[in-house]
Novice: 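My structure is below; once you've seen it, I'll send some questions.
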Amino acid sequence: MDNANNEKQKNFITEIIDEHLASGKYNKVITRFPPEPNGYLHIGHSKSIALNFGLADDYGGKCNLRFDDTNPSKEDIEYVDSIKRDIKWLGFDWEEREYYASDYFDTLYEYAVKLINKGKAYIDSSTMDEIKNMRGTPTEPGIESPYRSRSVAENLEMFQNMKLGKYTDGEHVLRAKIDMSSPNMNLRYPILYRIRHDSHHRTGSKWCIYPMYDWAHGQSDSIEGITHSVCTLEFENHRPLYDWFIRELEIHHPQQIEFARLNLNYTVMSKRKLLQLVQEKYVSGWDDPRMPTISALRRRGYTPESIRNFAERVGVAKRDSITDVALLEYSIREDLNKRAQRVMAVLNPIKLTITNLPDDYFEELNAVNNPEDETMGSRKVPFSNSLYIEREDFQEVPHKKFHRLSPGNEVRLRYAYIIKCEDIIKDPKTGEITELLCTYDAETKSGSGKSDKKVKGTIHWVSAKHAINAEVRLYDRLFTEEDPLGDKEKDFTEFINPESLNVIRECKLEPFLKNAEPGSRFQFERLGYFCVDIKDSSDDNLVFNRTVTLRDTWAKIQKKNN
RNA sequence: UGCCCCGUGGUGUAAUUGGCAACACGUCUGACUCUGGAUCAGAAGUCUCCAGGUUCGAGUCCUGGCGGGGCAGCCA
């Protein structure tokens, strides 16, 4: 429904696909998104998800969801559930094509037997250290293993015994015989199977040997008939290995294409680092709204559309780069501006009394729900002589460019009247301003057209008697550094922004918000976009998360002045 | 001192495949405004990492440098 970027951008991948289709190498496009269920999906994954599902969609093909679940000790059903939920929420549909690498364990085993029969794979009984030492380094070739010349019969029998559980963890591995002196380390007798007496979240105790990712991934793609196997740059050096497997096995050959993963400044993206933030309690969980995970962004108030638009705008290329979070923020503002209901909320209240209005004065004023969308209609906002306004909207000694409320000055109350500050009440001890006394101009009612008085500023407010309380959580970027991983001396956790979360209680909201549904999004006028927290909000304790602030030119002016 | 990939405004991507470098974000002006929002109009900013070469013509092709990233898990 949105017009942000309906025209899909061409990129080097679509170029390759176009060539394949033109040459007849493939006659359709089948892609897949292949997560390992060992963590939550993050914004970086959404780039890959949007790419793979988008490609399939653009070319009238299909995109599978496949869990690469080859390592039982790191994976968990909790993660597969969260991954499915997140992809669905983003708006992509794998229909009935929910696959698991573990579904192919039998086939993979047969493939391994085939390789053994061809004399291209053998059982190695070296220890982990020995294997490591014999592998060589990027600049020195490896050394042949003493086990490399075992007979086919012996290899077959031992491989079967591995499967049967006759050995202990680590006792033997199955390796492919490729090239021990290849400059590409991946070809130096890669390990295909390892013994792991571990229960798998899907296959239970059926297996005690598990295929390595390198052995499982390409063949899984092949089994599914994937045409374009899109992955990130670090697998570029693995492509010759995958191609070798496919050739030796004589099975369908997908084309792997590598692209640069998404990086964002002021955050970290690796699952390991994110897990660390969770485990060491720097954040409240995977869905802490400061996290770059999909579940966190959802909780923070991001929309799926905004994330998809963001992914589209970021583009696809082969050079690794760091995208500015400002682009993400732009994407959500753009989306929410069009659809978010406007309301008034005072986060840091100061009392304001209108002295030329009686204590029992009551009036309902008309407020537009969304100036960007007339169909959203309007609502009534209660008005009285006792209000709250934002403390920051008053300056006793105003800055020359400050055009809000100050002594003797006039300002408009949004949807209401123009008021003038007549007096200030201060706490005699602390000197802190506790109340503002103002008069209002009855002729200036919003929309009445009775007065053509102009004021420089308009501020939001809420009627004290009618206001409801809420807790508001203000979020800022999680790290103070653009590149939290950039300092080799310091751990990235040292750069966590101490002000990344600021909880304010007793914020004053207009009563319209009383029954706001968890997850619903609003614009608090002049402040930003907020949504009702889906986890912690309740009828007696409304909790709002700030998704993102509004663009704030005043903040820029202040910054410049400092 | 091995192999693979990549080098275009501040950032991310384009450039009809060899034809006078464009779009978005960001930044800065101005207009408008009952959100210092949104919107609108405009500006600055890239001689395409460097040096050679091919060509009438190179960001695109070739060679050599330089710079960045990846590769030595029984992780993915």
Side-chain angles (χ1 to χ4, degrees), chain A residues 4-5 9-11 15 34-36 38 68-71 73-75 124 126-128 131-133 135-142 169-175 182-188 191-196 209-210 212-214 216-217 231-240 258 260 262 265 271-272 313-331 333-334 337-338 342 344 368 370-372 401-404 411-416 418 444 446-447 454-460 523-528 549-557:
Chain A
N5 252 327
Q9 222 169 41
K10 286 283 166 191
N11 57 54
E15 234 167 82
E36 185 194 13
N38 69 341
D68 271 338
D69 52 352
T70 54
N71 185 355
S73 54
K74 287 190 176 176
E75 296 154 9
D124 201 314
S126 310
T127 65
M128 221 189 281
I131 288 178
K132 179 187 164 81
N133 291 334
R135 187 153 26 222
T137 69
T139 54
E140 308 159 47
D169 284 9
E171 206 174 335
H172 309 288
V173 289
L174 182 72
R175 292 228 260 173
S182 171
N184 183 342
M185 300 290 289
N186 295 120
L187 266 27
R188 325 244 265 224
I191 291 168
L192 272 30
Y193 274 95
R194 74 285 215 185
I195 299 170
R196 204 163 273 194
I209 57 173
Y210 290 94
M212 295 290 290
Y213 173 86
D214 276 348
H217 189 81
C231 65
T232 45
L233 256 25
E234 68 268 30
F235 294 107
E236 210 151 23
N237 290 335
H238 296 235
R239 179 156 32 89
E258 309 85 8
L262 173 74
N265 56 10
K271 278 197 216 170
R272 223 201 99 254
R313 268 188 263 259
V314 161
V316 183
K318 287 201 78 159
R319 66 178 123 152
D320 36 16
S321 54
I322 301 166
T323 296
D324 195 332
V325 280
L327 190 62
L328 217 211
E329 295 173 348
Y330 169 80
S331 298
R333 281 194 195 106
E334 176 197 47
N337 175 49
K338 287 181 306 194
R342 270 61 169 173
M344 290 196 287
V368 171
N370 186 346
E372 305 293 316
K401 284 188 175 174
F402 182 83
H403 36 253
R404 303 178 189 176
V411 79
R412 174 172 288 284
L413 293 176
R414 179 82 162 146
Y415 304 123
I418 290 175
T444 58
S446 219
K454 293 275 182 199
V455 285
K456 274 193 290 184
T458 298
I459 63 174
H460 61 275
Q523 183 195 99
F524 288 1
E525 292 213 37
R526 303 207 307 131
L527 297 175
T549 60
L550 252 27
R551 270 187 66 219
D552 191 347
T553 18
W554 169 240
K556 270 179 204 165
I557 294 170

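Below, chains carry the letters A, B, ... as their sequence lines are ordered, and counting in each starts from 1. All values below come from the heavy atoms of this structure, side chains included, with hydrogens, waters and symmetry mates left out.
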Novice: Between the protein and nucleotides 22-25 of chain B, which nitrogen or oxygen pairs come in under 3.5 angstrom?
Specialist:
unit_1	atom_1	unit_2	atom_2	d
B:rC25	OP1	A:Y330	OH	3.1

Novice: Please classify B:rG7 as syn or anti, treating any glycosidic angle within 90° of 0 as syn.
Specialist: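 Anti for B:rG7; the angle lies over 90° from 0.
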Novice: Side chain of A:P138 only, heavy atoms from C-beta on: which candidate in B:rG37, B:rA72, B:rA76 is closest?
Specialist: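 Nearest to the side chain of A:P138 among the choices is B:rA72.
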Novice: Over all strands shown, is A:M212 touching base, sugar-phosphate only, or nothing at heavy-atom distances under 4.0 angstrom?
Specialist: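 Here A:M212 touches the backbone only, sparing every base.
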Novice: Could you tell me whether the phosphate oxygens of B:rG37, OP1 or OP2, come under 4.0 Å of any side-chain nitrogen or oxygen in A:T553?
Specialist: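 Yes, because at least one side-chain N or O of A:T553 sits under 4.0 Å from OP1 or OP2 of B:rG37.
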Novice: May I ask you to verify if any side-chain N or O of A:K10 is less than 4.0 angstrom from the OP1 or OP2 atom of B:rU16?
Specialist: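 It does not, given that no N or O in the side chain of A:K10 lies less than 4.0 Å from OP1 or OP2 of B:rU16.
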Novice: Does A:Q523 contact B:rU35 through a side-chain donor or acceptor facing the base, at a distance under 3.5 Å?
Specialist: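 Donor-acceptor pair under 3.5 Å: yes.
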Novice: Answer with base, sugar-phosphate or nothing: what part of the nucleic acid does A:P240 contact at a heavy-atom distance below 4.0 Å?
Specialist: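 Result for A:P240 = nothing.
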Novice: Looking for any heavy atom pair under 4.0 Å, which part of the strands does A:V455 touch: base, sugar-phosphate only, or nothing?
Specialist: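 Answer is nothing: A:V455 stays at 4.0 Å or more from every strand.
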Novice: Does A:R412 use its side chain to pair, donor to acceptor, with the backbone of A:T444 at less than 3.5 Å?
Specialist: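 Yes, because the side chain of A:R412 sits within donor-acceptor range (under 3.5 Å) of the backbone of A:T444.
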Novice: Have a look at A:H217 and say if it touches a base, only the backbone sugar-phosphate, or nothing, with a 4.0 Å heavy-atom cut-off.
Specialist: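 A:H217: no heavy atom of the nucleic acid under 4.0 Å.
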Novice: Does A:N237 reach a base, just sugar-phosphate, or nothing at all? Heavy atoms under 4.0 Å.
Specialist: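 Answer is base: heavy atoms of A:N237 come under 4.0 Å of a base.
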Novice: OP1 or OP2 of B:rG69 versus the side-chain N and O atoms of A:K318: is any pair under 4.0 Å?
Specialist: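 No, no such contact exists.
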Novice: Is the shortest side-chain N/O distance from A:T70 to OP1 or OP2 of B:rA76 below 4.0 Å?
Specialist: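 A:T70 to B:rA76 OP1/OP2: side-chain N or O found under 4.0 Å.
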Novice: Taking the P atom in each of B:rC61 and B:rU16, what is the distance between them to the nearest angstrom?
Specialist: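 Pairwise P distance, B:rC61 against B:rU16, rounds to 12 Å.
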Novice: Within the structure shown, what part of the strands sits under 4.0 Å from A:D214 by heavy-atom distance: base, sugar-phosphate, or nothing?
Specialist: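 It contacts nothing in the nucleic acid.
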Novice: Between B:rA38, B:rU35, B:rA76, spot the one nearest the side chain of A:Y213, thanks.
Specialist: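 So the side chain of A:Y213 is nearest to B:rA76.
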Novice: Please determine whether side-chain contact (heavy atoms from CB on, under 4.5 Å) holds for the pair A:N71 and A:N38, giving the CA-CA distance in whole Å, both sets of side-chain angles, and the decisive distance to 0.1 Å.
Specialist: CA-CA 9 Å; A:N71 185 355; A:N38 69 341; over 6 Å; no
Novice: Using OP1 and OP2 only, check whether a side-chain N or O of A:R239 sits under 4.0 Å from B:rC3.
Specialist: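 For A:R239, the contact criterion (side-chain N or O under 4.0 Å from OP1 or OP2 of B:rC3) is not met.
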Novice: Does A:T127 reach a base, just sugar-phosphate, or nothing at all? Heavy atoms under 4.0 Å.
Specialist: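 If one applies the 4.0 Å heavy-atom cut-off, A:T127 turns out to touch a base.
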Novice: It should be established whether A:S321 places a side-chain nitrogen or oxygen under 4.0 Å from OP1 or OP2 of nucleotide B:rU13.
Specialist: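 A:S321 to B:rU13 OP1/OP2: side-chain N or O found under 4.0 Å.
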Novice: Counting the atoms with a prime plus P, OP1 and OP2 as sugar-phosphate, which does A:K271 contact under 4.0 Å by heavy atoms, base, sugar-phosphate, or nothing?
Specialist: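 If one applies the 4.0 Å heavy-atom cut-off, A:K271 turns out to touch nothing in the nucleic acid.
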Novice: Need one value for A:Y193: base, sugar-phosphate or nothing, where a base atom within 4.0 Å counts as base even if backbone is also close, heavy atoms only.
Specialist: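 Contact class for A:Y193: none.
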Novice: So what does A:R333 hit on the nucleic acid, given a heavy-atom distance under 4.0 Å: a base, only sugar-phosphate, or nothing?
Specialist: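 It contacts nothing in the nucleic acid.
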Novice: Going by distance alone, is a donor N or O of one side chain under 3.5 Å from an acceptor N or O of the other, for A:S182 and A:N184?
Specialist: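 No, no side-chain donor-acceptor pair sits under 3.5 Å.
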Novice: Can you tell if the side chain of A:R342 reaches within under 4.5 Å of the side chain of A:E372, non-hydrogen atoms only?
Specialist: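 Yes, at least one pair of side-chain atoms sits under 4.5 Å.
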Novice: Can you find a pair of side-chain heavy atoms, one from A:R333 and one from A:T549, that are under 4.5 Å apart?
Specialist: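 Yes, close enough: below the 4.5 Å cut-off.
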Novice: B:rG73 phosphate, OP1 or OP2: any side-chain N/O from A:K132 under 4.0 angstrom?
Specialist: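 For B:rG73, OP1/OP2 do have a side-chain N/O of A:K132 under 4.0 Å.
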Novice: For A:F524, which contact category applies under a 4.0 Å heavy-atom criterion: base, sugar-phosphate, or nothing?
Specialist: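 Counting heavy atoms under 4.0 Å across all strands, no contact is made by A:F524.
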Novice: Ignoring the backbone of A:E236, work out which of B:rC75, B:rG2, B:rC5 is nearest its side chain.
Specialist: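 Minimum distance to the A:E236 side chain belongs to B:rC5.
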Novice: Determine, step by step, whether A:I209 and A:L174 satisfy the side-chain contact (heavy atoms from CB on, under 4.5 Å) criterion, reporting the C-alpha distance in whole Å, the side-chain angles of both residues, the deciding distance to 0.1 Å, and the verdict.
Specialist: CA-CA 10 Å; A:I209 57 173; A:L174 182 72; over 6 Å; no
Novice: Does any donor-acceptor pair link the side chain of A:E372 with the base of B:rG37 at a separation under 3.5 Å?
Specialist: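 Counting by modelled atom types and ignoring angles, a donor-acceptor contact under 3.5 Å is found here.
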Novice: Between B:rU8 and B:rG68, how many Å separate the two C1' atoms, rounded to a whole number?
Specialist: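 It works out to 15 Å between them.
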Novice: Which side-chain N or O atoms in residues 231-238 of chain A pair as donor and acceptor under 3.5 Å with protein atoms at least two apart or in another chain?
Specialist:
unit_1	atom_1	unit_2	atom_2	d
A:T232	OG1	A:E234	OE1	3.0
A:T232	OG1	A:E234	OE2	3.2
A:E236	OE2	A:K318	NZ	2.5
A:H238	ND1	A:D214	OD1	2.9
A:H238	ND1	A:D214	OD2	3.2

Novice: Between B:rG59 and B:rC20, how many Å separate the two P atoms, rounded to a whole number?
Specialist: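 The same atom, P, in both gives a distance of 10 Å.
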Novice: Can you give the dot-bracket line for RNA chain B, where a pair is Watson-Crick or G-U wobble with both atom distances under 3.5 Å, crossing pairs use [ ], and | marks a partner on another strand?
Specialist: .((((((..((((.....[..)))).(((((.......))))).....(((((..]....))))))))))).....
Novice: Check the phosphate of B:rG69 against A:R319, side-chain N and O only, distance under 4.0 Å to OP1 or OP2. Yes or no?
Specialist: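 So the side chain of A:R319 is outside the cut-off, no N or O lying under 4.0 Å from OP1 or OP2 of B:rG69.
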Novice: So, A:E36 and A:K74, do they make that salt bridge, N to O below 4.0 Å?
Specialist: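 Salt bridge: no.
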Novice: Could you please name the option among B:rG12, B:rA76, B:rA72 that lies closest to any side-chain atom of A:T323?
Specialist: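 Nearest to the side-chain atoms of A:T323, counting from C-beta on, is B:rG12.
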Novice: For A:Y210, report the nucleic acid contact type (base, sugar-phosphate, nothing); a contact means any heavy atom under 4.0 Å.
Specialist: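 Nothing, no heavy atom under 4.0 Å.
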Novice: Does B:rU46 count as syn, meaning its glycosidic angle lies within 90° of 0, or as anti?
Specialist: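 Here the answer is anti: the torsion falls beyond 90° from 0.
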Novice: Does A:V173 or A:L527 map to a spot on RNA chain B nearer the 5' end, using the closest nucleotide for each?
Specialist: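 Result of the comparison: A:L527.
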Novice: If you check every side-chain atom of A:R194, which of B:rU35, B:rG69, B:rC74 has the closest atom?
Specialist: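 Of the candidates, B:rC74 comes closest.
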Novice: Take the protein atom NZ of A:K456 and the nucleotide atom P of B:rG36, then report the distance between them rounded to whole Å.
Specialist: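 Those two atoms, NZ and P, are 13 Å apart.
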Novice: A side-chain contact here means heavy atoms from C-beta on lying under 4.5 Å apart; do A:V411 and A:I418 qualify?
Specialist: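 Side chain of A:V411 against side chain of A:I418, heavy atoms only: no contact under 4.5 Å found.
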Novice: Across the strands shown, which category fits A:I131 at heavy-atom distances under 4.0 angstrom: base, sugar-phosphate, nothing?
Specialist: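 Contact class for A:I131: base.
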Novice: Evaluate the side-chain proximity of A:M212 to A:R175: yes if any heavy-atom separation is below 4.5 Å, no if none is.
Specialist: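 Not touching, per the 4.5 Å side-chain cut-off.
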Novice: Applying side-chain contact (heavy atoms from CB on, under 4.5 Å), run through A:R551 and A:K556 and close with a yes or a no.
Specialist: CA-CA 9 Å; A:R551 270 187 66 219; A:K556 270 179 204 165; 4.2 Å; yes
Novice: Report yes if at least one side-chain N or O of A:R135 is closer than 4.0 Å to OP1 or OP2 of B:rC74; otherwise report no.
Specialist: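 Result: yes.
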Novice: Walk me through it: do A:Q523 and A:L550 pass the test side-chain contact (heavy atoms from CB on, under 4.5 Å)?
Specialist: CA-CA 9 Å; A:Q523 183 195 99; A:L550 252 27; 3.8 Å; yes
Novice: Can you check the distance between B:rG9 and B:rC5, where both ends of the measurement are the C1' atom (answer in whole Å)?
Specialist: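 Their C1' atoms lie roughly 24 Å apart.
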Novice: What's the gap between B:rA15 and B:rU46 when it is taken at their C1' atoms, as a whole Å value?
Specialist: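 So the two C1' atoms sit 13 Å from each other.
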Novice: Compare the minimum distances between each of B:rU1, B:rA76, B:rA72 and the side chain of A:H238, then state the nucleotide with the smallest one.
Specialist: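 Closest of the options to the side chain of A:H238: B:rA76.
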Novice: Between B:rG37 and B:rA31, how many Å separate the two C1' atoms, rounded to a whole number?
Specialist: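 Comparing C1' positions in B:rG37 and B:rA31 gives a spacing of 16 Å.
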Novice: Using a 4.0 Å heavy-atom cut-off, does A:E15 contact any base of the nucleic acid, only the sugar-phosphate backbone, or nothing at all?
Specialist: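 Result for A:E15 = base.
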Novice: Using atom P of each nucleotide, how far apart are B:rC62 and B:rU55 to the nearest Å?
Specialist: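 Result for the P pair: 16 Å, nearest Å.
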